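Quantities reported herein were computed from a predicted structural model and do not represent experimental measurements. Here is the naming used below: chain letters follow the sequence lines, and residue numbers restart at 1 for every chain.
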Number of protein chains: 2
Amino acid sequence: MPDPRRITSADVARRAGVSRATVSYVLNATPGQSISPATRDRVLQAAAGLGYAPSAAARTLRTGRSDVVLCLIPDWPIGNEMGNTLGNLSTALAREGLTFLAHPGSRDDRPIAEVWKAITPAAVLSFTDFSDDETEAMRAAGVALVVALLGRAGRHGRELEVPQTLIGRRQADHLSRTGHQRLGYAYPDDPRLQIFAEPRLAGARALAEPVVRTVPLDAARAAEAVAGWRADGVTGICAYNDEVALAVLAGARTLGLTTPADLAVIGVDDIPAARLAVPPLTTVTTDQGLLAAHLATTIVAAVGGRPAPSLSADELIRVVVRESG
Amino acid sequence: MPDPRRITSADVARRAGVSRATVSYVLNATPGQSISPATRDRVLQAAAGLGYAPSAAARTLRTGRSDVVLCLIPDWPIGNEMGNTLGNLSTALAREGLTFLAHPGSRDDRPIAEVWKAITPAAVLSFTDFSDDETEAMRAAGVALVVALLGRAGRHGRELEVPQTLIGRRQADHLSRTGHQRLGYAYPDDPRLQIFAEPRLAGARALAEPVVRTVPLDAARAAEAVAGWRADGVTGICAYNDEVALAVLAGARTLGLTTPADLAVIGVDDIPAARLAVPPLTTVTTDQGLLAAHLATTIVAAVGGRPAPSLSADELIRVVVRESG
DNA sequence: CTGTTAGCGCTTTCAT
DNA sequence: ATGAAAGCGCTAACAG
């Protein structure tokens with residue numbers, strides 16, 4: 001027998017000897033309603049006793065808005081670091097009564113409109129920008145916050161932007177301080193990463209005039225790039241991330257170069273492999289816990305109609321100095 | 001103005017000059033209903049023209065079941081490879097009209113019952129096992145498929161189990177074939193990974209009697225483990241994954257050992273850093289595309305009440321031979 | 001302070 | 001072959 005009748009608020013009401021309205025008021029702590037502590041307790045008892053869980057569908061249907069925070073995951077590798085952040089974000093939101101749900105898959109497979117129209121989420125997070133029409137449609141449909149984690153500055157939702165620019169800047173800064181005049185930028189091979197790579201590169205450009213070369217994740221082909229940089233007189237490389245940095249290291253090695261004497265390298269992310277590299281990789285990390293907390297606060301504020309808090313990006317990004325640069 | 005009235009099936013009906021029931025029949029291709037191609041087309045036109053998207057909430061409320069496949073993501077690092085699989089799974093399910101949604105966060109933060117009772121998903125996937133009570137409750141509530149991606153064999157849902165055991169077996173097999181008599185198993189430091197590590201180790205044990213040592217992701221401490229293995233006469237190491245393998249490599253290097261002459265190493269996953277390692281790492285990969293397709297087929301079958309297909313695990317797991325072993 | 005009531009948008013008998 | 005109507009479980013006016 002498939003459906004032993006779901007427990008509804010009516011069941012709770014009956015057991016507590018009150019009306020369904022009262023149950024609703026108690027469970028939602030509806031403001032502007034004064035419920036006597038006695039009934040309140042009785043309702044809570046009954047609900048707990050029955051193992052009652054409200055139907056999200058019914059509530060959403062009624063209120064026109066769900067408690068879901070929908071996060072659109074792009075089809076490119078988002079990395080363990082970001083995955084970690086999403087986990088933290090999820091727990092932080094749960095504490096606020098919001099359900100974090102991630103939907104992976106490129107926009108082509110399923111029009112994103114289909115997804116959010118179906119879910120009617122309280123907020124939608126995305127890594128990439130939405131078109132203005134899309135944003136407009138979502139807001140019109142009652143989505144409280146529509147925000148792109150990356151995307152051009154100055155747009156709505158800019159508050160949440162992970163300061164990618166700062167990452168590149170920190171890399172260049174570190175290399176400059178350690179005496180490197182001519183810098184190179186190791187750009188990722190995967191075109192899907194461009195959205196991250198561009199702002200990072202821009203950050204490095206703000207401090208230096210790096211020679212940009214694309215570095216595939218392959219020792220032999222990375223070696224070609226490294227040879228090119230050497231010919232240019234480049235002595236320090238800002239890599240898009242740790243994996244690209246590892247490729248640069250491998251390329252330098254096949255050329256018989258010594259790191260960091262001949263070529264210094266700095267990555268991004270501090271993946272486990274970074275500290276195990278030869279030599280151990282200097283890199284830039286983001287404080288994922290802090291980032292998640294800030295995202296959560298912003299979302300909760302927006303859903304509640306309050307203004308977003310601000311976060312000093314400086315404390316978010318840190319250089320981990322090891323031996324490669 | 002927040003809510004310019006959502007477009008409902010009534011709007012579509014009006015525009016098409018039919019009743020809401022007919023709209024529903026057309027859009028759901030309800031079997032046992034014969035709709036004239038003419039009206040059918042008119043309804044489809046109207047729906048498309050209005051940009052109609054059905055309300056998941058209303059449909060769920062009515063049918064008592066949503067089209068969501070809920071995947072519970074554990075709080076331990078699940079890795080890029082698995083992330084990739086989930087993306088593929090999502091697109092495969094989308095093609096079948098199912099919405100894949102991932103909920104990260106440990107079970108402690110939010111009782112999982114709260115999540116699934118709210119969503120009433122068509123299926124629930126998890127990496128770890130559910131308790132029998134939990135499983136029972138979910139099935140009773142109408143969840144078509146409850147399945148653990150790992151978890152003891154012989155349970156319901158065993159069909160979906162990623163053959164972790166086979167991974168360890170392949171590693172040991174490869175090392176044996178290349179002439180290694182005494183094997184070691186490099187166990188991960190992070191206790192949360194135990195659920196993956198145990199079956200892998202068991203697989204290796206099926207072929208050999210590996211000396212198990214825990215290897216932290218740190219060259220110095222990994223060196224201690226390596227020294228121990230050397231004293232035991234071990235010449236080949238099966239590592240829990242590529243990161244641990246990288247640590248073993250680093251440990252061997254600090255001891256002045258040569259890989260694979262002094263110590264052969266084989267990892268799991270084929271992360272990008274593996275091919276860039278010194279020396280490039282031999283490893284075992286899972287065909288993520290195949291896995292995702294199989295998961296999707298199984299889920300769709302279960303939701304549709306059909307029996308699950310089977311998958312030969314042999315084609316799923318492959319050894320990538322490089323220089324480390 | 002608590003109960004009555006009217007839907008939210010959809011599916012699905014049962015009539016026509 | 002199509003339509004009318006009854007709710008799914010919940011919330012929010014409005015009464016009492």
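Nucleotide dC8(D) holds its C1' atom 14 Å from the CG atom of D11(A), rounded to whole Å. Taking atom CZ of R59(B) as the reference point, atom P of dG9(D) lies 18 Å away to the nearest angstrom. Separating the CD1 atom of I119(A) from the P atom of dG9(C) is a distance of 17 Å, rounded to the nearest angstrom. At whole-Å resolution of the value, CZ in R65(B) and P in dG9(D) are 14 Å apart. Between the CZ atom of R40(A) and the C1' atom of dT2(C) there is a distance of 16 Å, rounded to whole Å. With rounding to whole Å, I7(B) atom CD1 is found 11 Å from dG9(C) atom P. Rounded to whole Å, the distance from CG on L27(B) to P on dT2(D) is 15 Å. For the pair R42(B) CZ and dA1(D) P, the interatomic distance rounds to 15 Å; values are reported in whole Å.
No donor-acceptor pair under 3.5 Å is formed between the side chain of S90(A) and the backbone N or O of L86(A). Between the H103(A) side chain and the F100(B) main chain, a donor and an acceptor come within less than 3.5 Å of each other.
Environment of CZ in R40(A): sparse, with no more than 12 heavy atoms of neighbouring residues, nucleotides or ligands closer than 6.0 Å.
Here the options are V23(A), L27(A), V43(A), the test is side-chain contact (heavy atoms from CB on, under 4.5 Å), and the partner is S9(A); only V23(A) passes.
Summarising the geometry of A122(A) relative to S66(A), their closest heavy-atom pair is CB-O, 3.4 Å, with the distance given to 0.1 Å.
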Provide a list of protein-nucleic acid N or O atom pairs under 3.5 angstrom, restricted to nucleotides 4-7 of chain C.
residue: dG7(C); atom: N2; partner: R62(A); partner atom: NH1; Å: 3.0

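Within the structure, every side-chain polar atom (N or O) of S55(B) is placed at least 4.0 Å from both OP1 and OP2 of dG9(C). Distances shown here put a side-chain N or O of S36(B) below 4.0 Å from the OP1 or OP2 atom of dT2(D). For dG9(C), neither phosphate oxygen OP1 nor OP2 lies less than 4.0 angstrom from any side-chain nitrogen or oxygen of T8(B).
Toward the 5′ end of DNA chain D lies the nearest nucleotide of T39(B), the other residue of the pair T39(B) and T63(B) mapping further downstream.
D75(B) has its side chain out of reach of P104(B): every pair of non-hydrogen atoms, C-beta onward, lies at least 4.5 Å apart. Counting only heavy atoms from C-beta outward, the side chains of E81(A) and T286(A) never approach each other to under 4.5 Å.
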